Amino acid sequence: MKISFMTLIIAGAVVGTLPMAAAAQHVPRIVVMTPSVGFSGGYVGFGLNRDSGSIDMNGETGDQAQQLLGTRSLGEPSGLGLNLRAGYDWRAGNTIFGVWGEIAQSWAKDDVVIPAVSDTWSVGFGTSTAAMLRLGYDMGGVMVYSNAGYRWTDVELETFSGAYSDRSGGISYGVGIETEFSHHMSGYLEFHRNTGKVDIEGLTADLSLNTFTLGVNYKF
C-alpha cells in the first residue's frame, strides 16, 4: 500500500495538535474569593440571663439603717431573666462596629430578715432597657467584642410598711464572644456589669448588677 507524501504531512499535523489540546484542558482556573460579610447588617435575638446584684443604702440613710437595723444592705437579689434585642453592625476589614438595644425582664429576688424589727422585706429587679455600643474583631466566624452604654433597671421593694419601686439608671459595660452557626444564625455569651442609684421614698442606695447572658441572634 502506497502512502503519499502529502498524507504523511497531514497526519503529522494532526498528531502534533493533540498535546496542545490536552494542555488546554489543564489550564488552571483563577478563583476570586469573596470577602467575608459575617457580623454585618441588622439582627434580632433573645437570650437567657443570670442576674445577681446588691443594693446598699448610702449617705445618712445608710448610717441610720446601720444603727437601727444592723445593716446597710437592702438585699442581694439573684435569679433568671430573659431579654429581647435588636441591633445593627458595620465592618471595616475584620473590625466590627455595632449598636444595639434591648428590653429584659428579671425575676431576681432576695428576702431579707431584719432582726431589729423581727420582720422580712423583699427586694428584686424587674424590667430593664438598655442602649449599647459594641466594638469587636472577627477572627473568622468568631467575634470577640466589648460593650458599653446605659441601662435603666426597675428596682422593687416590699417591706412591712408597703410596696415601693424606682427606676435606676447607670453605666453598663461588658465583654462577649459570638460565633456564626450559618449565614443567618449566631450564638453569643456575654458578661455585663451595671451600676446605678436608687431613690425610694427618700431612701437612697447604690445598685450593682452583674448579668451573664447566653443567647442567639438572627441576621437579616
Side-chain angles (χ1 to χ4, degrees), residues 29-55 77-108 124-156 166-198 206-220:
R29 294 182 299 171
I30 298 176
V31 179
V32 178
M33 300 298 292
T34 302
S36 171
V37 293
F39 306 117
S40 64
Y43 63 89
V44 294
F46 70 91
L48 175 66
N49 298 333
R50 172 63 181 178
D51 297 321
S52 61
S54 62
I55 306 172
S78 63
L80 298 179
L82 294 173
N83 74 61
L84 296 174
R85 76 173 49 171
Y88 197 96
D89 289 326
W90 297 267
R91 66 180 300 138
N94 287 345
T95 303
I96 311 298
F97 305 91
V99 295
W100 58 268
E102 76 171 19
I103 181 170
Q105 176 63 46
S106 176
W107 291 279
F125 304 122
T127 303
S128 68
T129 55
M132 306 290 289
L133 301 174
R134 77 169 172 174
L135 175 64
Y137 186 83
D138 183 0
M139 300 186 296
V142 177
M143 175 174 58
V144 292
Y145 59 91
S146 59
N147 291 318
Y150 203 84
R151 181 175 294 273
W152 298 264
T153 304
D154 287 343
V155 177
E156 300 163 349
D166 185 40
R167 169 149 281 209
S168 169
I171 299 298
S172 176
Y173 56 92
V175 294
I177 183 169
E178 184 172 352
T179 181
E180 292 182 318
F181 301 140
S182 68
H183 180 70
H184 291 290
M185 297 295 298
S186 64
Y188 65 91
L189 177 65
E190 285 180 352
F191 169 77
H192 281 107
R193 183 171 180 82
N194 310 285
T195 61
K197 300 287 186 181
V198 179
D206 297 317
L207 177 146
S208 176
L209 170 61
N210 298 322
T211 301
F212 287 92
T213 302
L214 180 64
V216 295
N217 288 330
Y218 178 84
K219 186 181 77 172
F220 300 118

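Treat the numbers as computed from the prediction; the structure is a model and nothing was measured. Computed over heavy atoms, backbone and side chain alike; hydrogens, waters and symmetry mates excluded.
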Could you report the tightest heavy-atom contact between Asn147 and Trp100, atom names first, then the distance?
OD1-NE1, 3.2 Å

At what distance, to the nearest 0.5 angstrom, does OG of Ser146 lie from CG of Leu133?
10.0 Å

Do the side chains of Met143 and Arg134 get nearer than 4.5 Å, heavy atoms only?
yes

Which heavy atom of Ser168 sits nearest a heavy atom of Gly196, and at what distance?
OG-CA, 3.4 Å

Would Thr213 and Leu48 count as a side-chain contact (heavy atoms from CB on, under 4.5 Å) if you check the C-alpha gap in whole Å, the side-chain angles of each, and the deciding distance to 0.1 Å?
CA-CA 6 Å; Thr213 302; Leu48 175 66; over 6 Å; no

Would you give the length of the straight line joining atom OG1 of Thr195 to atom OH of Tyr173, rounded to the nearest 0.5 angstrom?
6.5 Å

Heavy atoms only: give me the nearest Tyr188-Phe46 pair and the separation to one decimal.
OH-O, 3.9 Å

In Å, rounded to the nearest 0.5 Å, how long is the span from CD of Glu178 to OH of Tyr145?
5.5 Å

CG (Leu209) and OG (Ser78) are apart, to the nearest 0.5 Å, by 11.0 Å

Looking at every non-hydrogen atom in both residues, tell me the closest pair between Val99 and Tyr43 and how far apart they are.
O-OH, 4.3 Å

With side chains defined as the heavy atoms from C-beta onward, is the minimum distance between Arg167 and Thr153 less than 4.5 Å?
no

Quick one: are Asn49 and Trp107 in side-chain contact, heavy atoms under 4.5 Å?
no

Distance-only donor-acceptor hits, side chain of residues 124-132, under 3.5 Å, sequence neighbours excluded:
{"residue": "Thr127", "atom": "OG1", "partner": "Gln105", "partner atom": "OE1", "Å": "2.7"}
{"residue": "Ser128", "atom": "OG", "partner": "Arg151", "partner atom": "NH1", "Å": "3.1"}

Which atom of Ile55 lies closest to which atom of Pro77, heavy atoms considered
CD1-CG, 4.5 Å

Leu135 vs Phe97 side-chain heavy atoms within contact, under 4.5 Å
yes

Report the relative orientation of the aromatic rings in Phe220 and Tyr218; use parallel for angles under 30°, tilted for 30 to 60°, perpendicular for over 60°.
perpendicular

In this structure, OG of Ser54 is separated from CG of Leu207 (nearest 0.5 Å) by 7.0 Å

Audit row: Lys219, Asp89, salt bridge (Lys or Arg N to Asp or Glu O under 4.0 Å) steps and yes/no:
CA-CA 10 Å; Lys219 186 181 77 172; Asp89 289 326; over 6 Å; no

Listed by chain and number, what are the salt bridge (Lys or Arg N to Asp or Glu O under 4.0 Å) partners of Arg50, not counting sequence neighbours?
none

For residues 183-193, pull every pair meeting salt bridge (Lys or Arg N to Asp or Glu O under 4.0 Å), keeping only residues two or more places apart or in separate chains.
Arg85-Glu190

Do you see a donor-acceptor pair shorter than 3.5 Å between the side chains of Ser172 and Asn194?
yes

Show the nearest heavy-atom pair for residues Ala104 and Asn83, with the distance to one decimal.
CB-CB, 3.8 Å

Any sub-3.5 Å donor-acceptor pair from Thr95's side-chain atoms to Tyr137's backbone N or O?
no

